[in-house]
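Some notes on the structure that comes next.
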Amino acid sequence: MDKFLIQGGQKLEGEVRISGAKNAALPLLAATILADSPIRISNMPNLRDVNTLVKLIAGLGVAIEYVGDTVTADTSTLNNQFAPYDLVKTMRASILVLGPLVARYGEAKVSLPGGCAIGSRPVDQHLKALEALGAHIEVENGYVHAKVDGHLKGGEVIFDMVTVGGTENILMAATLADGVTTIRNAAREPEITDLANMLIKMGAKIEGLDTDTLVVTGVESLHGCDYAVVADRIETGSYLAAAAITGGRVRTTHTDPALLECVLDKFEEMGAEVTRGEDWIELDMQGKRPKAVSFRTLPHPDFPTDMQAQIMAVNAIGRGFATISETIFENRFMHVPELSRMGANIQVEGNDAVVTGVEKLSAAPVMATDLRASFSLVLAALAAEGETLIDRIYHIDRGYEHIEAKLQGIGAKIKRVSG
Ligand code: EPZ
């Protein structure tokens with residue numbers, strides 16, 4: 001099992017090129033199922049999760065190719081609507097093929113994704129929304145079997161809580177439904193806007209982008225198009241955090257400040273100097289120790305849960321103390337015991353964590369538990385004195401393309417060791 005060996009203590013300086021967003025790439029790939037002619041998606045990040053979904057879509061009989069940073073798909077040879085457990089269990093977002101398959105082919109059998117380290121992650125809202133559009137849903141032996149006679153019917157969908165995946169699933173399904181669908185309490189993450197923009201390019205009729213109410217007028221069919229995946233705002237925030245925690249200066253390119261304003265505001269509250277360009281962001285910590293910052297994770301445009309672990313790591317060496325509340329997932333503090341092994345002072349009470357900054361963290365063998373927690377351990381190791389060994393880093397390969405090369409490019413002493 002691969003591990004990272006990181007020698008901490010360097011101020012990180014330089015430029016990082018940001019990749020396409022994992023959390024946009026996955027729904028965009030699922031949406032290829034809706035196209036009745038070839039579709040090309042570029043700026044696709046080469047990640048384990050992306051490759052898993054490409055494999056799953058190929059298993060449907062779709063002619064799909066992933067060459068360089070571009071995926072091309074032709075659904076004319078699609079010959080089944082079955083998404084098996086062995087693939088879905090490794091990548092939960094596979095549930096996103098459910099909506100497109102039912103909408104276009106009238107039937108789908110998709111494995112329930114099951115939970116993951118950060119929570120039970122149910123999909124009840126996805127199923128409730130599809131039923132609101134006339135799908136008949138049966139859950140049996142760990143599989144969702146969805147069916148509709150003829151086409152889905154446009155209708156009213158009201159989510160009980162903001163759900164990114166739920167919004168994406170029903171948005172895709174509604175594009176081919178008969179009539180108009182109104183989606184209320186819709187998630188407003190930039191990755192949903194990216195999906196809607198590609199669907200519109202494919203011929204879909206969608207209004208209310210970036211708001212919590214989406215109105216979709218169903219059409220007969222959707223055609224292929226050329227599209228590029230939006231920049232990864234979480235990867236951007238993660239590398240800017242590397243500058244903040246080491247007192248360095250990092251410029252992230254091929255990104256967009258508008259995607260993560262809430263996070264940039266927090267970096268400025270820490271005392272960092274943040275410069276925004278059209279497609280770049282520079283964070284200069286000027287050798288200073290950051291001020292610890294409090295926040296609550298909330299749906300976009302508020303503070304993203306996917307940046308919680310990374311900013312907690314920065315707070316761990318911050319001046320003063322801060323309170324972090326995780327309101328989205330029920331178990332997203334698994335990085336806390338690992339950070340504590342490195343000398344962090346963090347008290348957890350339910351979904352609240354109080355972090356009291358310490359001058360220095362110290363190297364220690366630690367273990368990654370989930371994707372974003374893994375990056376928070378990398379950040380802590382970059383700031384810690386000594387050499388840190390991080391185990392189970394297969395988690396990090398799910399969501400950070402070329403991570404060693406990008407970190408080495410800004411001066412980090414990191415190498416991957418196997419065994
Ligand atoms: C997406 O997950 C992201 N993944 C997650 O990123 C991100 O943390 C999350 O949205 C929140 O922003 C992808 O886009 C592939 P949700 P998703 O449905 O869609 C509950 C990362 O690190 N819920 O918005 O699964 C759910 O349990 C990953 O890149 C239900 O109860 O998240 C959670 O508590 C981690 N029933 C909350 O809603 C449902 O049917 C938000 O989940 C659906 C969700």
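Both counts, for ligands and for their atoms, begin at 1 and track the order of listing. Remember, it's a predicted structure, so these values are computed and weren't measured experimentally.
Considering backbone and side-chain N/O of G165, one or more are found under 3.5 Å from N/O of ligand 1. At a 3.5 angstrom cut-off on N or O pairs, E168 does not count as close to ligand 1. At a 3.5 angstrom cut-off on N or O pairs, Q125 counts as close to ligand 1.
Within the 3.5 Å criterion, the main-chain N or O of D226 finds a donor-acceptor partner in the side chain of K201. A donor-acceptor distance shorter than 3.5 angstrom exists from the side chain of S294 to the backbone of T323, with no hydrogens or angles considered.
Here the protein heavy atom with the shortest distance to atom 24 (O) of ligand 1 is V164 N, 2.7 Å. I328 O, 2.6 Å is the protein heavy atom nearest to atom 34 (O) of ligand 1. Among all protein heavy atoms, the one lying closest to atom 5 (C) of ligand 1 is D306 OD2, 3.8 Å. Closest to atom 36 (N) of ligand 1, if we only count protein heavy atoms, is D124 OD1, 2.8 Å. Of the protein's non-hydrogen atoms, P122 O, 3.0 Å is the one closest to atom 39 (C) of ligand 1. Looking only at protein heavy atoms, the nearest one to atom 17 (P) of ligand 1 is R121 NH2, 3.8 Å. With hydrogens left out, the protein atom closest to atom 32 (O) of ligand 1 is F329 CZ, 4.1 Å, a heavy atom. The protein heavy atom nearest to atom 18 (O) of ligand 1 is T163 OG1, 2.7 Å.
Contact detail for I57 and L29: the closest heavy-atom pair is CD1-O, 3.3 Å.
With sequence neighbours left out, D391 forms a side chain to side chain donor-acceptor pair (under 3.5 Å) with no residue at all. For D265, the salt bridge (Lys or Arg N to Asp or Glu O under 4.0 Å) criterion is met by R276, not counting sequence neighbours.
Of all the atoms in ligand 1, the ones that sit under 4.0 Å from a non-hydrogen atom of M161 are 23 (N), 30 (C), 31 (O), 38 (O). Within the listing of ligand 1, atoms 21 (C), 29 (O) sit less than 4.0 angstrom from a heavy atom of K22. Of all atoms in ligand 1, listed by their number and element, those nearer than 4.0 Å to a heavy atom of R372 are 21 (C), 22 (O), 29 (O). Listed by number with element, the atoms of ligand 1 under 4.0 angstrom from any heavy atom of V123 are 39 (C), 40 (O). Here is the list of ligand 1 atoms found below 4.0 Å of a heavy atom in H126: 40 (O).
In this structure, a donor-acceptor pair under 3.5 Å is present between the side chains of R17 and H254. Looking only at atom types and distance, the side chain of E191 has no donor-acceptor partner in the side chain of H300 under 3.5 Å away. In this structure, a donor-acceptor pair under 3.5 Å is absent between the side chains of Y227 and S42.
Here the shortest heavy-atom distance to atom 11 (C) of ligand 1, taken over N169, T167, T305, belongs to T305.
Look at R104 and D36 and you find no salt bridge, because none of the NZ, NE, NH1 or NH2 atoms lies under 4.0 Å from a carboxylate O. A salt bridge links R416 with E404; the closest basic N to acidic carboxylate O contact falls under 4.0 Å.
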For R398 and D370, run salt bridge (charged side-chain N to carboxylate O under 4.0 Å, His left out): C-alpha distance rounded to whole Å, both residues' side-chain angles, the deciding distance at 0.1 Å, then the answer.
CA-CA 9 Å; R398 291 188 44 216; D370 61 272; over 6 Å; no
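The CD1 atom of I390 sits 7.0 Å away from the CD1 atom of I396 when rounded to the nearest 0.5 Å.
Judged by the shortest distance from any of its heavy atoms, R332 lies inside the 4.0 Å radius around the atoms of ligand 1. Heavy-atom separations between R92 and ligand 1 include at least one value shorter than 4.0 Å.
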